Each structure stands twice: as C-alpha cells, then as structure tokens.
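What follows is a set of notes on a single structure, which appears directly below.
Throughout, protein chains are lettered first and strands after them, A, B, ... in sequence-line order, and every chain is numbered starting at 1. All of these numbers come straight from a predicted model, not from anything done at the bench.
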2 protein chains.
Amino acid sequence: MRPIAILGIGQTKIDEHWDKSLKELAGEAAFAALADAGIQRADALFVGNMLSPLISGQNQLGTHISDWIGMWGAEAVKIEAACASGAAAFRAGLTAVASGEIESALVVGVEKMTDKAGHDVTSALATAADADYEVDQGISFVGLNALVMRRYMHEYGWKHADFAPFSINAHANAVHNPYARLRQKITLEQFEKSSMVATPINLMDASPIGDGAAAAILVPAERLTGRRIVVAGSASATDSIAVHSRREPLFLSAAYASARQAYAQAEVSPTDIDIFELHDAFSIMSALSLEACGFAERGQGPRLGLDGQIRPEGRVPVCTRGGLKARGHPVGATGMYQIVEVVQQLRGECGKTQVADARVGMAQNIGGSGATILTHILRAEN
Amino acid sequence: MRPIAILGIGQTKIDEHWDKSLKELAGEAAFAALADAGIQRADALFVGNMLSPLISGQNQLGTHISDWIGMWGAEAVKIEAACASGAAAFRAGLTAVASGEIESALVVGVEKMTDKAGHDVTSALATAADADYEVDQGISFVGLNALVMRRYMHEYGWKHADFAPFSINAHANAVHNPYARLRQKITLEQFEKSSMVATPINLMDASPIGDGAAAAILVPAERLTGRRIVVAGSASATDSIAVHSRREPLFLSAAYASARQAYAQAEVSPTDIDIFELHDAFSIMSALSLEACGFAERGQGPRLGLDGQIRPEGRVPVCTRGGLKARGHPVGATGMYQIVEVVQQLRGECGKTQVADARVGMAQNIGGSGATILTHILRAEN
C-alpha cells in the first residue's frame, strides 16, 4: 500500500446544534479541513454516519453532503459501522487513495442526535446491538455495557469508584478543548453520587450524545515534503455482534486483533505510543481497551487510571481532548474526532493538555459493545 | 490499480422471504459465492444495504453478517448509497483489494423489504431523496420519477406506450431466470391497462420491491490463470440529490461521467459493450441511462426499445435476466445482482437469454433519481 498522509483536519464544536442541519455540520468540518489542507475540493467524499436514516430521515448521505459542500459530481459514499462509522469511513478513504483510484479523499464523520427526544435516540442507538437476539429482549445499549461492567467488577474485584479516574481525566482535559461539549471538571464525589443509568453505570460513567462533525483530507504521502503526519497503521477487526456469543465477554478481541495488526504495520509496540485516543463510551470500555491493546494486564485496566498514568503527563495519555466522556460522543462522528485529535497532538497544538514530544499516536474506534473495532496509528515525520 | 478478478458469484431468488431474516438471505448468497469461488472465507466483508436500520432495526450490518456466516474476526463494513448501495459496496471491496490492504473481498448486497406494510416501505424509500427540500413537501420517490417522466414525454413527444418495450423485454427475459421474482411475460395491452401509481408511471413502468441478496468474491487477477472475468472499469459519480437542483433534470450527468470514466479505464466505447445491465427502477430510467451512456441521442432512448435493439439478440441487450422490473428490485442488493448477471453472461450461463459471444459487459447502478451512479465494466479474458 502506498503511504498516505493527512493533509488537513477540521471539526465543529460538539453541542446541541438545533440551528444547524446534518449537512451544515458536515460542511463546517469539511470546509475547515479543506482550508487547513489548502485545497478547494477532493476527488471523493467518504462520510461516516450511523443514525441519519433514523433521526433525520436522510439516506444517501455521501451525495447529500457532496452536493451541499460544492463537490458537485464527485464520487461520494456513506459508511456505517455503528459507533465505529467514523474510523470505518477513514479507512475506506485510505484504501481508495492507496489503491490509486483517487488522489485525494475528504473523510467526514457526522452525527445529529439531539433534535429528537430521548426515547427515539435510545431506540436508534440500540440498532448497534443484535436486533434478533439482544434488542428483541428489551435491552438498551447502555444496558448491555452495564452487564459487561458488572461482570468485570465481580470477576476482578474492582469497585465503582475505581473507574472514576477515567472520567475525571477526560473532564479535566476537555476544559482546554474549545470543541468539547462538557468543559467542566468533575470530582470523585460527583462521580460517585451521579444519577444511575443502568447499574453499575451512572451518568458519570457514560458519554453524552451530541451533534457534531469532524473531517480529514487524505493524500499520497509523496505529495508532501517536510514535516508531515502519515497513517502508519490501519486495521479493522470484528467480534460476535451479540455480547452473549463472545468467547470472552470481558476481552475486546477485535481491539486486540486490530491493534496488533496496526502495531505490526507501523513497526511499533505499545511502549512507542505517545498518545492513545480510546473509545470511552462508558468507563468500562476504557479499561477493556487499554488491556486489549497491551497497556495493562487483563483485569488491570483501572490501575492505570488510579496511578495517574492516563493523564497527559503519564505513561499512556488517553482522552487528551476530553474523550467521548467530556468532548462528547456524536456516534458516527467520534472516530473522526479521534483522528483529528491525534493529529492535533502530533502537531503540538494542544496547549495545556499537549503531550510532550508526541510523535506516534493511536486512535481506536469501537462499534457496538466491541463488535467492530478499528485501530489507526499516525506518525509525525520530518 | 492492480487488476482485480471476480472469483465467484452467488444469489438468492428475489421473493417475499418471510421465513428468512436479513442475515440468512445474505448468508445464502455469500455461501453460494464462496462455494463458486472454491474458498472458505475472504479477508473482509463489504455489505451493500439501504434499509435495514429502518425496516429491520439493525445497524452495523457488516459485522452482523460476518458473524453469522462464520467469518469471525474479519474486517466488515456496510456501505450505503440508497439504491446504489450494492455497486458502492462492490467498489469499496474493489479498492480495498486493489490497495493491497487485503487479498480477497466478499461483497454482499442484501435487502429485506416485504416484512412491513406498504406505507413503511414507501417512507423508507423516500430517505433516498432530499429530506429537507423534497420529502418534506410530501413527495414520494415514485412521485419524483413521475415528474421526470412527464417532463421527458412533454419535451421529446413520446407517448406512454413507447416505453412498453423496456418492460416487455424485462419480463420476457425473467421467464428464463430462476432467481427472478416476476417470471411471466407481459403484453402491450397489459402494460397500457395497468393500475396507475403516479401519473404517468403505472405498475408496469415500476419495478417491484423484494427480499434478496447477491454476492461476489474479488481477488487480484494475477491469482487466476486461464479464463477469468476481470473488472476492466469502475467509476462512481454524483449529481445534485434534489431533482429540482439539477442543471438538466432529463440528463443523467452522473451516468455520463461514471460511464465515460469506466469506458476510458477499460479502453472501450459503447459499441464494444455486448450486454448492459441498466437500472430500470422505472421505465423512464432505462431511456435516460441509454442516452447518458452513449447508446442513443438525447431524448431518443425509447427508440432502442421500439426497434428491438434492447433484446438479447439486439445491438444493446439490457435486462437480460429480467432487470429491476421483472427480476425484482431489493434496493441495496440490486447493484450486486447486476454484477452477478453480467458475470453469468460473460461465462455463457444464461441459456435462452444468453447474448452470443459476450466478452464485455457493463452494469450501472443508480441511487436516488440519478444522484449517485456507479458504472462497472467487466471483461472475459482467456
């Protein structure tokens, strides 16, 4: 595969954007990325989105957005892989440029979730689970994650407060990210006393929904001289969609497989990763992700939080821009926010949460409760 | 781009499959393709589907299906481009193999439409149009096509019966296709006296919905010696999603652009095309597609039907297995049915509707009323 570089990035603030449509949000991020890249348009558009047929009544989102942003005539397509739609769209754009079929790709992850009432969104999110064997029993998506967390706590002896550092770190970092939805710190007491959603997951374990879009431009690396950010590793793997069918429900096998592949492609090991934007949709997922990717032993993920290793100055900085928990989780856009944030770190643009000398960054995007997982490794090259 | 060949194909009959779920249909086509290719699994799965979130409450269909068919762990993703989802998934699989990231791709187009009542399906199909500017006014998808057809008849002076040969040819060919939904001939009288849907489109102008799946296996062409079917051209283009925004509402600019690109890649011209599986969702689309691809002058598409040139023995054989009109139109699967049917023709497996000495075949898949159009050219090589 020919080497690919990221020429530009863009994002919108995550918020309740009741005054902006889906395409307007996508356009805002796309125009920012095009401007950042210094180009007018790309050869093709790849859109990551999960919910627009259900929430906005709009399919064919690739063409809908290419039309809106003035990329008239260009190839355009939508990729959906539940909450991993953003990274899946990024990988589709990546392989398309790598194949030589196109010379530049604009990838946009976009989601609009706050226009409808809570029940609609909860039902829509449940389509990420197995409709026949899980959702038909009445379980919600947070309910599934709660079952996993409860089992994990039982199996490894952790108590709820042990997960607090994940959320506290995410909120502390979001304060310095102007694009984040929840820009306030939280305390251990707030974490423990927060309203219950589905035992043992409370509001402070769960990431908030939101409206937002993030975008990147991909081109062959040979087009760039001087400092550049290249895609050093890209891999996608899957697990059984229904949690009860998993061989090991407490191990993210698709995170393990995709990370291992990405490490091999980038010729790095976990110790080489300077920053890791992981998929903390729920605090339990932070622990599982760190374990599957080789940063902690099985069952020991929370230890990294308790020891302060996940902070920007720690050994494995995660959620340096707020993560899903505090930056917000507009589901189909999240994977692209992670890519954008890793690029910001590698460029040294993160101010108070900048990781010193960041050269290699990893982004991991999870669809369903571990069913589809993509891992990307980016590297700053001189 | 390294040359890619089609190693195997599979399909289900299009029908009201009330006894089979979405994944079972996909599995049936996938297993047939894998068996035809003589392999157990592929490196990755690309699923084309439009309606499953709306009709079946299931997202993350790539993983849902890879899980079901035993491709546990493999990369899997869903691509959506309205009724062009099938060909868009095919192109995603194609570029992924061409990039060298994977060595084999299983592409499945699948749709399940008949489990719900008519209103639900009509609303779901309307998500292919512009939600803000078209659907919000209350227009259905067939209504949009009716406006185009009425204008075309007015502009070029055709009467309704002039479109009959498209449907009569499709039905006559479907009689010989065991996978087709409507395997009966129709007469000119039946065409003219059929129930009106949206003036001037009557039931015999419109393709029927259905449940079905079609699949293909893509590998690097170098893996095959001897006779092989290669992808000689692949292109995707778009137009404004709302018909009223089009510069020329009676010209399929995205068909023109994608066909022109595909011709150039394959180094052929329209006269070299032995068989053309076009997207006859409505009879008007047959005429527009033939014109945009260079088989007829603007406004003269119906002439090819009236002169018998579209029949298997004619100059431009179309819908040789029944087309959307009689084989059926399970929307997200249709693009893959077209690919499968072109392969069958190039292999010489089409019996009474076999086109003599077919060496070069074209498939064109349309999303929305001309908004997203993909053109693929396949060639039989010895």
ask   = Is there side-chain contact between B:Met113 and B:Leu125, with at least one heavy-atom pair below 4.5 Å?
value = yes

Interface residue of largest heavy-atom contact number with chain A, from [options], under 4.5 Å:
options                               : answer
B:Pro53, B:Gly100, B:Ser52            : B:Pro53
B:Gly368, B:Ala126, B:Ala89           : B:Gly368
B:Ala44, B:Ser236, B:Ser258           : B:Ser236
B:Thr127, B:Asp67, B:Asp130, B:Thr95  : B:Thr127
B:Ala237, B:Ala235, B:Gly73, B:Gly367 : B:Gly73

task = Decide yes or no on side chain to side chain contact (heavy atoms under 4.5 Å, CB included) for A:Leu252 and A:Met285, but give the supporting numbers first.
result = CA-CA 9 Å; A:Leu252 295 177; A:Met285 295 309 274; 4.0 Å; yes

Interchain contact, [X] with chain B, by part (heavy-atom threshold 4.5 Å):
X        : value
A:Ala242 : backbone
A:Leu94  : neither
A:Ala92  : neither
A:Ala371 : both
A:Tyr133 : side chain

remark   = Distance col, row B:Leu374:CG vs B:Phe90:CZ, nearest 0.5 angstrom, shows 10.5 Å

inquiry  = As an exercise, state the distance from CG of B:Leu22 to CD of B:Gln58, rounded to the nearest 0.5 Å.
reply    = 7.5 Å

key: Closest approach of A:Cys83 to A:Ile366 (non-hydrogen atoms, all atoms of both residues)   =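 For A:Cys83 and A:Ile366, the tightest heavy-atom pair comes out as CB-O, 3.3 Å.
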
message = Under the ring pair (Phe, Tyr, Trp, His ring centres under 6.0 Å) definition, can you give me all pairs with a residue in residues 42-79 of chain A, not counting sequence neighbours?
response =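 Checked against ring pair (Phe, Tyr, Trp, His ring centres under 6.0 Å) - neighbours excluded - no pair reaches residues 42-79 of chain A.
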
inquiry  = Checking A:Gln364 against A:Ile373 for the side chain to side chain contact (heavy atoms under 4.5 Å, CB included) test, could you report, in this order, the C-alpha distance in whole Å, the side-chain angles of both residues, the deciding distance, and whether it holds?
reply    = CA-CA 7 Å; A:Gln364 186 166 77; A:Ile373 305 186; 3.6 Å; yes

request  = Could you check whether the rings of A:Tyr256 and A:Phe251 sit parallel, tilted or perpendicular, using 30° and 60° as the cut-offs?
outcome  =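 Because their plane-to-plane angle lies in the 30° to 60° range, the rings of A:Tyr256 and A:Phe251 count as tilted.
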
Heavy-atom pairs under 4.5 Å with chain B are the metric here; pick the option from [options] that has the most.
options                     : answer
A:Glu80, A:Met1, A:Glu75    : A:Glu80
A:Leu45, A:Ile79, A:Thr372  : A:Thr372
A:Gly62, A:Ser240, A:Ser85  : A:Ser240
A:Asp132, A:Val135, A:Asn49 : A:Asp132

Toward chain A, the part of B:Ala76 with a non-hydrogen atom under 4.5 Å =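 Contact with chain A: backbone and side chain both.
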
key: Contact origin within B:Ser66 toward chain A - heavy atom pairs under 4.5 Å   = side chain

message = Does this structure show an ion pair linking A:Glu111 with A:Lys78, if we count only N-O contacts that are shorter than 4.0 Å?
response = no

key: Derivation and outcome, side chain to side chain contact (heavy atoms under 4.5 Å, CB included), residues A:Trp18 and A:Asp115   = CA-CA 6 Å; A:Trp18 295 356; A:Asp115 286 359; 3.5 Å; yes

